[in-house]
There are 2 protein chains.
Amino acid sequence: MGPEGSDNWHAMLDGAEAILREEGHAALTSRRVAERVGVKQRLVYYYFRTMDDLVISLFRRMAEREVIRLKAAAAQPRPLRALWDISLHSTDSRLIAEFMALAHRIEGLKREVIQFIEVSREIETEVLKGALERVPQGRNMGPASLSVTITSLALLLSRERQLGVTMAHAEIMAALDAFLDQVEPLDS
Amino acid sequence: MGPEGSDNWHAMLDGAEAILREEGHAALTSRRVAERVGVKQRLVYYYFRTMDDLVISLFRRMAEREVIRLKAAAAQPRPLRALWDISLHSTDSRLIAEFMALAHRIEGLKREVIQFIEVSREIETEVLKGALERVPQGRNMGPASLSVTITSLALLLSRERQLGVTMAHAEIMAALDAFLDQVEPLDS
DNA sequence: GTCTATACACCGATAGAC
DNA sequence: GTCTATCGGTGTATAGAC
């Protein structure tokens, strides 16, 4: 087994990520990954015991990077806006679709996805808790619910924008901006 | 080419749907479909020119049924609750994940998905418009935005429930129920 | 309409040399 | 670490008989 974190290890995950993004997981094969990196097929199985293991490693690497991004956003002066921007733009929605489909088939991936959702939700809920405390008018939704709502909206908007659907998107963005202006005023 | 709507045509789509739901689209092959229906592989290509065509036909059949369900719900006494129930329970979220992943690869499927989203949004927005008119307190969101928000929440809740994540779900359901009580009181 | 048979390509994974 | 070579299996799609 090749060393986790080595140059080849990263290069193979880079190649796999590009294939997944551009062609979907039906094209994510050991031969294609090897071809992209410029090595022979056999080497893929030296660094990753099976293709399922490769997929799990790929997701874990992406999730770790995303959690770092979320934590950095949470530490910024206007964390809610920062989180909203990340949710809207960071992760390619095609990749999400591929991983979701794969998670139903690969048990180890499913566990990683669940853990990532829970960790992200905790970070976001904590931020919302702080933000809502600083606002006088009591909301009728708790911070956890609001966190879920905002996440779900970001996912839907990203997905539909990638498809080419924009119906009602401008209206949503305006409503979200108005909400952020209330909770996190820009002139504070 | 075999006749659209014939018994075999439906049987093959039934088999394909079950495979997609249970094992994902990597297992959706002409051989597996034929095996499930109890015919030879060659016949699948008689009814559907290619496997991509089969997938498109499968989605279109599901979408047509779903639109019928949505329209029926919109005509009920409490249409908003009916739509919410449908969104939460009707379509398997694993199927959605598979179709979303496939839509990025199959251009014809992508077009069908886009059309389905737009038609559904129109139906739901129309219902919300009527429901909000009957409520005195003006909302800060328009009917289209609310429609998108409710749809996105239903999709996220279904997806996470299927994965096994329930963090904040009860809170969301309670908030939604409270909203529905306001807009569509049960004792009216 | 439904079948047998088949062409041809690609897949995951491994044995074993260097 | 990286390679060559290969096994056994599955896939899409078509030709052509009945």
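Note that the coordinates shown come from a computational prediction; the quantities given were computed from them, not determined experimentally. Computation of the quantities below employed the complete heavy-atom set of this structure, encompassing side-chain atoms and omitting hydrogens, waters and symmetry-equivalent molecules.
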- Query: Where the side chain of A/Tyr47 is concerned, which of C/dG1, D/dG1, C/dG12 is the nearest nucleotide?
  - Reply: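 It is D/dG1.
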- If you check the B/Lys40 side chain, which of D/dG1, C/dC3, D/dT12 turns out closest?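 Nearest to the side-chain atoms of B/Lys40, counting from C-beta on, is C/dC3.
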- Message: If you assign each of A/Asn8 and B/Gln41 to its closest nucleotide in DNA chain D, which residue comes earlier from the 5' end?
- Response: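 Nearest-nucleotide comparison on DNA chain D picks A/Asn8.
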- Item | Pairwise 5' ranking along DNA chain D for B/Ala27 and B/Arg49, keeping only the more 5' one |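 Here B/Ala27 is the residue nearer the 5' end.
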For [X] and [N], what is the distance between atoms [atom1] and [atom2] respectively, to the nearest whole Å?
X	N	atom1	atom2	answer
B/Arg31	D/dG9	CZ	P	13 Å
A/Arg32	C/dG12	CZ	P	11 Å
A/Tyr46	C/dC18	OH	P	19 Å
B/Asp53	D/dT12	CG	C1'	13 Å
B/Arg42	D/dT12	CZ	P	14 Å
B/Arg105	D/dT12	CZ	P	10 Å
B/Leu43	D/dA13	CG	C1'	14 Å
B/Glu35	D/dG11	CD	P	9 Å

- Query: If you find the nucleotide of DNA chain C closest to B/Gly2 and the one closest to A/Thr29, which residue's nucleotide is nearer the 5' end?
  - Reply: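 Taking each residue's closest nucleotide, the earlier one in sequence belongs to B/Gly2.
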Between [X] and [Y] (salt bridge meaning N to carboxylate O under 4.0 Å), is one present in this structure?
X	Y	answer
B/Arg69	B/Glu66	yes
B/Glu184	B/Arg78	no
B/Arg61	B/Asp14	yes

- Got a donor-acceptor contact below 3.5 angstrom from the B/Gln76 side chain to the B/Ala82 backbone?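 Between the backbone of B/Ala82 and the side chain of B/Gln76 there is no qualifying donor-acceptor contact (under 3.5 Å).
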- Item | Side-chain donor/acceptor of A/Thr166 to backbone N/O of A/His169, under 3.5 Å |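 Judged by distance alone, no pair lies under 3.5 Å.
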- Message: Does a side-chain N or O of B/Tyr45 approach OP1 or OP2 of C/dT2 to a distance below 4.0 Å, or not?
- Response: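 It does not, given that no N or O in the side chain of B/Tyr45 lies less than 4.0 Å from OP1 or OP2 of C/dT2.
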- Message: Regarding B/Phe48, tell me which of base, sugar-phosphate or nothing describes its non-hydrogen contacts under 4.0 Å with the strands shown.
- Response: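 Contact class for B/Phe48: none.
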